[in-house]
Amino acid sequence: MPVVNADIASELDKVADLLEIEGANPFRVRAYRQAARLVGSLPRSVAEMVAAGDDLDALPGIGQDLAGKIALIATGKHLPLLDELEREVPPGITALLALPGLGPKRVHALHEALGIDSIDKLAAAAKSGQLHTVAGFGPGIEARLVRALAEGAGQAQRVKLATAEQVAEPLLRHLRGADGVLQVEIAGSYRRRRETVGDLDIVASAEPGKPVMDRFAGYEDVAEVTERGTTRSTIVLRNGLQVDLRVVAPESFGAALLYFTGSKAHNIALRQIAMARNLKLNEYGLFSGAKRLAGATEQDLYERLGLTMVPPELREDQGEIDASRQKRLPHLVTLDDIRGDLHMHTTASDGHDSILAMARAAQALGRAYIAITDHSKHVAVTHGLDAARLARQIDEIDRLNAGLKDFTVLKAIEVDILEDGSLDLPDRILRRLDLVVGAVHSAFDLPRGQQTARLLKAMDNPLLNILAHPTGRLINARPGYAVDIEAVMRGARERGCHLELNAQPDRLDLNDTSCRLAKELGLKVAISTDAHATTQLGHMRFGIDQARRGWLEPGDVLNAASLADLRRMLRRDVPAV
DNA sequence: GCCGTTTTCGGCCCGACTGTTTTCAGTCG
């Protein structure tokens, strides 16, 4: 069982947590945190890089020492440093860091004074009123901890982007209606379009002395106001989502938006560029001494730092700063580039609308073509199609196309990839289709090698064109099946197959880092809605968000092509490479 | 622990808010 990047990242984070509680050099702690973040976001398997003899210390922020430690973890060995730290600091203690108001110093103090090394012991101490006997713990902090424990804090889960949008947009409108408000934008990971968000960061500019904070705190959906200042306030909405609002003067709006959009790593890199020029960058602007050089817009700030404006989706310190400096930023795909949609269902299987309804709705969204991809028979609960029913659907689509103007419905299927890698319908019927989308809906728990071989075997069938939701993950609900995604991508490229970025907000599969890997490997990605109703055709935008985070340009996206070009690229007898 | 057209040593992003304080440490983003 190979060690996956997320496991390595979590080991490194654990080291950072424990070092922090021990009071280690904060920059050493940061080095571990940055390494964890880097490893967690690498598209390639670190275990495989180690096996291939790649130099890990060529990675930014990884020196000889960390390279050695990462290689150790990647090969399944124990990290002596971690063992040592766990002897000194009880491992359960790190869970305390997740509580609001508890950082390394206070956790350390609690452990020293009362021997608290777990949430349970903290709860007991709070209940018996011992907490305020610890130096630095007054009634305020005690009350806050008691409340957090009662609410089961420490388990806050990030919410899906689409879910966050549902509460964010009305709040944004509420703030825009406030007296004296000039500009309001949502920043943070929401603006970077991460697949999930931990909280919302809102930046506003306003005329001085206007009651914007009152408007914010008085929002009807507020459960609690946890911080209330003149320039910064924090509320918790009734659904548990925390929202921060920062209000600045108009001349600082761009700087504040830049700062609160992050990511943190991107900001730090920008500040270092500013420092190298003897300038100071903060949320109020870019300064030379006391003189403000820029601040009203992000564009000005980037330009004064010798950079071109970086789209928020790329601000992860993953090479975008160098690309910006060299004017080599990608021209990211936009919703307007999308010409078609290659995965959707109808009433024939588990969809809610007819083929014609889906076609009309897609055309109204500006698409020129769609593919109808109902399930095949193996997914019985969806009333999947057998060969005979698919044959009738083919005829129905032919008749329908004859009556459509400037729009084409492609005959297709989402055929099940069975456990042995064979397809759920015979070639003789698949051959009559315009394209074949294949997907796994069963046997999720195969060993990694076997799952990978299953997908490669499915793609061996020259009738298969697109591998749908390639990892099978459901955000916040189910990890993907174990699979060597890079091997699948290489296999797809050799065979002239393509991979899907499923745009359902709970799938987003391929994810952003896999998209970037696909691009590096020269593989085209189909961004598809997998719509089960006309209303879901709009989910395309969530797919676009992740594609942009994955640096994809229109030329990397299969369904940004015209129908004629698409048909050419779907031909398996002429490999794309 | 990392890193280097100012450095192989001495730096490492910066500010707001809270609570517990009499001028600031800790936490957070």
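Just so we're on the same page: letters track the sequence lines, and every chain starts at 1.
The NZ atom of A/K105 sits 5 Å away from the P atom of B/dG26 (whole-angstrom rounding). Rounded to an integer number of Å, the gap from A/D65 CG to B/dG1 P is 5 Å. Here B/dG29 presents its P atom at 19 Å from CG of A/L258, a figure rounded to the nearest Å. Between A/Q272 atom CD and B/dT5 atom C1' there is a gap of 17 Å when expressed in whole angstrom units. The distance from atom CG of A/L145 to atom P of B/dG26 is 16 Å, rounded to the nearest whole Å. For the pair A/R158 CZ and B/dG29 P, the computed distance is 11 Å after rounding to whole Å. Atom CD1 in A/I273 sits roughly 14 Å away from atom P in B/dT5 (whole-Å rounding). Atoms CG (A/N282) and P (B/dC13) sit 14 Å apart, rounded to a whole Å.
For A/Y284, the listed nucleotide lying nearest its side chain is B/dA16; candidates were B/dG26, B/dC14, B/dA16. Comparing atom distances between the A/L66 side chain and each of B/dA16, B/dG1, B/dG15 picks out B/dG1 as nearest. Here the side chain of A/F27 is nearest to one of B/dG1, B/dT20, B/dA16, namely B/dG1. Among B/dC17, B/dG15, B/dC13, the nucleotide with an atom closest to any side-chain atom of A/R246 is B/dG15. Comparing B/dA16, B/dC12, B/dG1 by their nearest atom to the side chain of A/Y32 picks out B/dG1.
Glycosidic conformation of B/dT7: syn, with the torsion inside 90° of 0.
Contact annotation: side chain of A/Y259 to base of B/dG29, donor-acceptor pair present below 3.5 Å. A donor and an acceptor atom sit less than 3.5 Å apart, one in the side chain of A/N25 and one in the base of B/dG1.
At distances below 3.5 Å, not a single donor-acceptor pair connects side-chain atoms of A/T196 with backbone N or O atoms of A/K160. Side chain of A/S263 to main chain of A/R315: a donor-acceptor pair is present (N/O by atom type, distance under 3.5 Å, no hydrogens or angles).
Base engagement by A/K264 is indicated by at least one non-hydrogen atom pair under 4.0 Å involving a base atom. Using a 4.0 Å heavy-atom criterion, one finds that A/T230 contacts the sugar-phosphate atoms exclusively. Nucleic acid contact for A/T234: none, since no nucleic acid atom lies under 4.0 Å from a heavy atom of the residue. Residue contacts shown for A/P26 are absent, as no nucleic acid heavy atom lies under 4.0 Å away. Residue contacts for A/R144: at a heavy-atom cut-off of 4.0 Å it reaches no nucleic acid atom on any strand shown. Across all strands, A/Q242 comes closer than 4.0 Å only to sugar-phosphate atoms, never to a base (heavy-atom distances). At the heavy-atom level, A/L102 lies under 4.0 Å from the strands shown only through sugar-phosphate atoms. Among the protein residues, A/G136 comes within range of the sugar-phosphate backbone only, with heavy atoms under 4.0 Å from sugar or phosphate atoms but none that close to a base.
Comparing the same atom, P, in B/dG1 and in B/dT5 gives a spacing of 23 Å after rounding to whole Å. Atom name P, nucleotides B/dC13 and B/dT18: the rounded distance is 26 Å, in whole Å. B/dC9 and B/dT20 have their C1' atoms separated by 38 Å, given to the nearest Å. Spacing between B/dT27 and B/dT21 at atom P, rounded to whole Å, works out to 15 Å. When the C1' atom is used for both B/dC17 and B/dT23, the distance is 16 Å, rounded to whole Å. Taking atom C1' on both B/dG15 and B/dG10, the two are 24 Å apart, rounded to the nearest angstrom. Comparing the same atom, C1', in B/dG11 and in B/dA16 gives a spacing of 25 Å after rounding to whole Å. Nucleotides B/dC14 and B/dT8 place their P atoms 22 Å apart, quoted to the nearest Å.
Along DNA chain B, the nucleotide closest to A/L279 and the one closest to A/V107 are compared, and the more 5′ of them pairs with A/L279. If you find the closest nucleotide of DNA chain B to A/A135 and to A/G101, the one lying nearer the 5' end belongs to A/A135.
Closest approach of A/E165 and A/P170 over heavy atoms only: O-CD, 4.1 Å.
Here A/R191 does not pair with A/E313 in a salt bridge; the nearest charged N to carboxylate O distance is not below 4.0 Å. Under 4.0 Å is where a charged nitrogen must lie from a carboxylate oxygen, and between A/R238 and A/D221 at least one such pair does.
The side chain to side chain contact (heavy atoms under 4.5 Å, CB included) with A/L286 is formed by just one residue from the set A/R304, A/K291, A/E303; it is A/R304.
Distance CD/A/E224 to OG1/A/T234: 10.5 Å, rounded to 0.5 Å.
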